[in-house]
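Numbering starts at 1 and runs along the sequence shown.
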Amino acid sequence: MGASSGAATIGNSRVVRFSTADYAPHERVEALHEIFGRNLQKVHVEPLAGESFHTAVTLRRMQGLSLYTASRSAAIYRRSRELIEHDDVVFIAGFNSSYEVQHLGRTLNMGPGEAVVLTGAEPALFGGPAQESVDLLSVPVRLLSPLVGELEAAYGRSITANNPALRLLVGYIGILGELDAVTAHDVERQMVTHIHDLMALAIGAMRDAAEIAKSRGARAARLRAIKQDIATRLDQPGLSVATIAAHHRVKPRWVQRLFESDGTTFTEYVLAQRLVRAHRLLTDPLQANQKVSTIALDIGFGDLSYFNRAFRRRYGVTPSESRAAARQAT
């Protein structure tokens with residue numbers, strides 16, 4: 001056969017990637033069965049598109065969490081009893097089209113944005129049309145059962161797409177996948193705890209556990225989502241806490257409190273991010289022909305004098321001096 005799945009270590013986790021694109025068309029189905037089905041996910045796979053079937057899967061194994069993120073053609077996945085290896089809580093989310101799940105005698109017809117909770121200790125069938133990005137999380141029961149009342153009653157049940165914790169969880173998973181090795185090493189364990197919190201809230205956390213999860217996992221996920229939103233809007237001179245709050249459907253004071261709990265303020269954070277971006281652009285040889293004033297305006301500074309003062313206060317030199325030093329070093 002052609003190429004095999006790729007593996008790497010990022011932070012404390014082991015990351016394995018599998019893609020049918022690494023194989024010749026006539027090898028893809030066999031690779032899917034042997035590498036993905038038997039080794040990575042322990043399922044029987046029934047592609048509904050023959051040799052034209054395609055999938056790309058990233059598996060991240062961490063302490064207390066295994067996370068699969070996949071895009072794929074139409075297929076059916078069956079976990080028979082002989083393939084069962086654990087009794088983990090299995091949580092599948094991120095559907096962008098219809099999806100069928102059969103588990104514990106129930107048949108669920110899932111819609112876009114919904115999620116489902118399974119037990120790894122029992123057989124299951126899940127599949128349907130092509131999916132752009134599906135997340136499958138596997139967590140040991142001992143880590144989730146203290147947070148969720150009557151966890152067994154949740155197996156084979158769906159979670160609606162408008163569940164706030166589910167929406168936060170899907171966004172948070174996306175952030176985890178973007179971490180580089182250094183960042184992952186520092187925050188991975190904390191992020192796994194936050195994912196446990198969000199899963200518990202989405203399923204139905206017990207009262208005391210829910211309060212902890214809201215103040216820990218949900219708060220952290222919301223803050224990271226807001227920071228990501230800010231990163232995409234830095235070029236907007238009128239970026240304000242009210243704008244961000246409205247986009248995330250929360251009160252401006254709540255956003256301010258999130259940043260205060262992080263040891264800063266909304267205004268300070270936005271300024272710091274703009275200055276970091278300015279420094280990166282000023283020291284980038286590819287931006288050498290861009291005027292300092294153009295860079296300042298492009299990253300949201302409406303007042304050039306204020307930009308110069310803020311830059312010097314942070315970096316100890318003016319923007320022009322920073323660019324000159326970078327040129328000299330090059």
Side-chain angles (χ1 to χ4, degrees), residues 41 43 45-46 48 55-60 65-79 88-139 141 144-145 147-177 194-206 209-210 213-214 217-218 221-222 224-225 228 247-250:
Q41 201 173 0
V43 290
V45 187
E46 182 183 336
L48 301 181
T55 188
V57 182
T58 299
L59 165 61
R60 184 187 293 260
L65 174 69
S66 291
L67 169 63
Y68 296 82
T69 298
S71 61
R72 60 153 182 81
S73 302
I76 295 173
Y77 299 81
R78 304 174 190 270
R79 177 169 287 119
D88 288 0
V89 180
V90 178
F91 192 103
I92 310 176
F95 307 119
N96 63 275
S97 62
S98 60
Y99 203 80
E100 182 177 295
V101 176
Q102 296 178 16
H103 189 56
L104 298 176
R106 303 187 186 102
T107 298
L108 304 175
N109 293 308
M110 311 291 296
E114 295 184 337
V116 65
V117 186
L118 314 174
T119 170
E122 294 292 334
L125 177 148
F126 38 93
Q131 300 288 337
E132 293 178 4
S133 179
V134 175
D135 299 312
L136 186 152
L137 301 90
S138 182
V139 176
V141 174
L144 210 57
S145 58
L147 306 177
V148 180
E150 300 182 3
L151 178 58
E152 292 185 1
Y155 294 145
R157 305 289 185 185
S158 62
I159 299 173
T160 61
N162 62 0
N163 183 295
L166 174 59
R167 293 201 302 267
L168 282 175
L169 175 61
V170 172
Y172 202 63
I173 290 170
I175 295 171
L176 180 62
H194 294 162
I195 287 174
H196 292 171
D197 289 340
L198 292 169
M199 288 176 64
L201 286 171
I203 296 169
M206 292 184 291
K214 286 177 182 177
R222 180 75 73 182
R224 285 188 176 272
Q228 270 200 322
H247 185 254
H248 291 265
R249 300 177 184 178
V250 296

To the nearest 0.5 angstrom, please state how far the NE2 atom of His194 sits from the CG atom of Leu169.
12.5 Å
In terms of heavy-atom contacts, Leu147 and Ala200 come closest through CB-CB, 3.7 Å
Test side chain to side chain contact (heavy atoms under 4.5 Å, CB included) on Val89 and Val148; report intermediate values, then the result.
CA-CA 11 Å; Val89 180; Val148 180; over 6 Å; no
Could you tell me whether the side chain of Ser97 and the main chain of Ala130 form a donor-acceptor pair under 3.5 Å?
yes
So CD of Gln131 and OG of Ser98: to nearest 0.5 Å the spacing works out to 7.5 Å
Among Asp135, Ile159, Val134, whose side chain to side chain contact (heavy atoms under 4.5 Å, CB included) with Ile92 holds?
Val134
Show the nearest heavy-atom pair for residues Thr69 and Ser133, with the distance to one decimal.
CG2-OG, 3.8 Å
Walk me through whether Phe91 and Leu166 qualify under side chain to side chain contact (heavy atoms under 4.5 Å, CB included).
CA-CA 11 Å; Phe91 192 103; Leu166 174 59; 3.9 Å; yes
Rounded at 0.5 Å granularity, tell me how far CZ in Arg60 sits from CG in Leu65.
9.5 Å
Checking side chain to side chain contact (heavy atoms under 4.5 Å, CB included) against Leu67, which of Ile195, Thr58, Leu137 comes through?
Leu137
Mind listing the closest non-hydrogen atom pair of Val43 and Arg79 along with its distance?
CG1-NH2, 3.7 Å
Could you walk me through whether Leu48 and Ser73 pass the side chain to side chain contact (heavy atoms under 4.5 Å, CB included) check?
CA-CA 8 Å; Leu48 301 181; Ser73 302; over 6 Å; no
Applied to residues 106-116, the side chain to side chain donor-acceptor pair (under 3.5 Å) test, sequence neighbours excluded, yields none
Before giving the answer on side chain to side chain contact (heavy atoms under 4.5 Å, CB included), spell out for Leu108 and Arg157 the whole-Å C-alpha distance, their side-chain angles and the decisive distance to 0.1 Å.
CA-CA 8 Å; Leu108 304 175; Arg157 305 289 185 185; 5.6 Å; no
Say you draw a straight line from CG of Asn163 to CG of Leu168; how long is it, rounded to the nearest 0.5 Å?
9.0 Å
Is a side-chain N or O of His103 found less than 3.5 angstrom from the main chain of Leu125, in a donor-acceptor match?
no
Taking all heavy atoms of Arg222 and all of His248, pick out the closest pair and write down the distance.
NH1-O, 3.7 Å
Close side-chain approach of Val57 and Gln41, heavy atoms under 4.5 Å
no
Could you give the distance from OG (Ser66) to CG (Leu59), rounded to the nearest 0.5 Å?
6.0 Å
Neighbour count >12 (heavy atoms, 6.0 Å) for atom CD, Glu100:
yes
Roughly how far, to the nearest 0.5 Å, is CZ of Phe126 from CG of Leu136?
6.0 Å
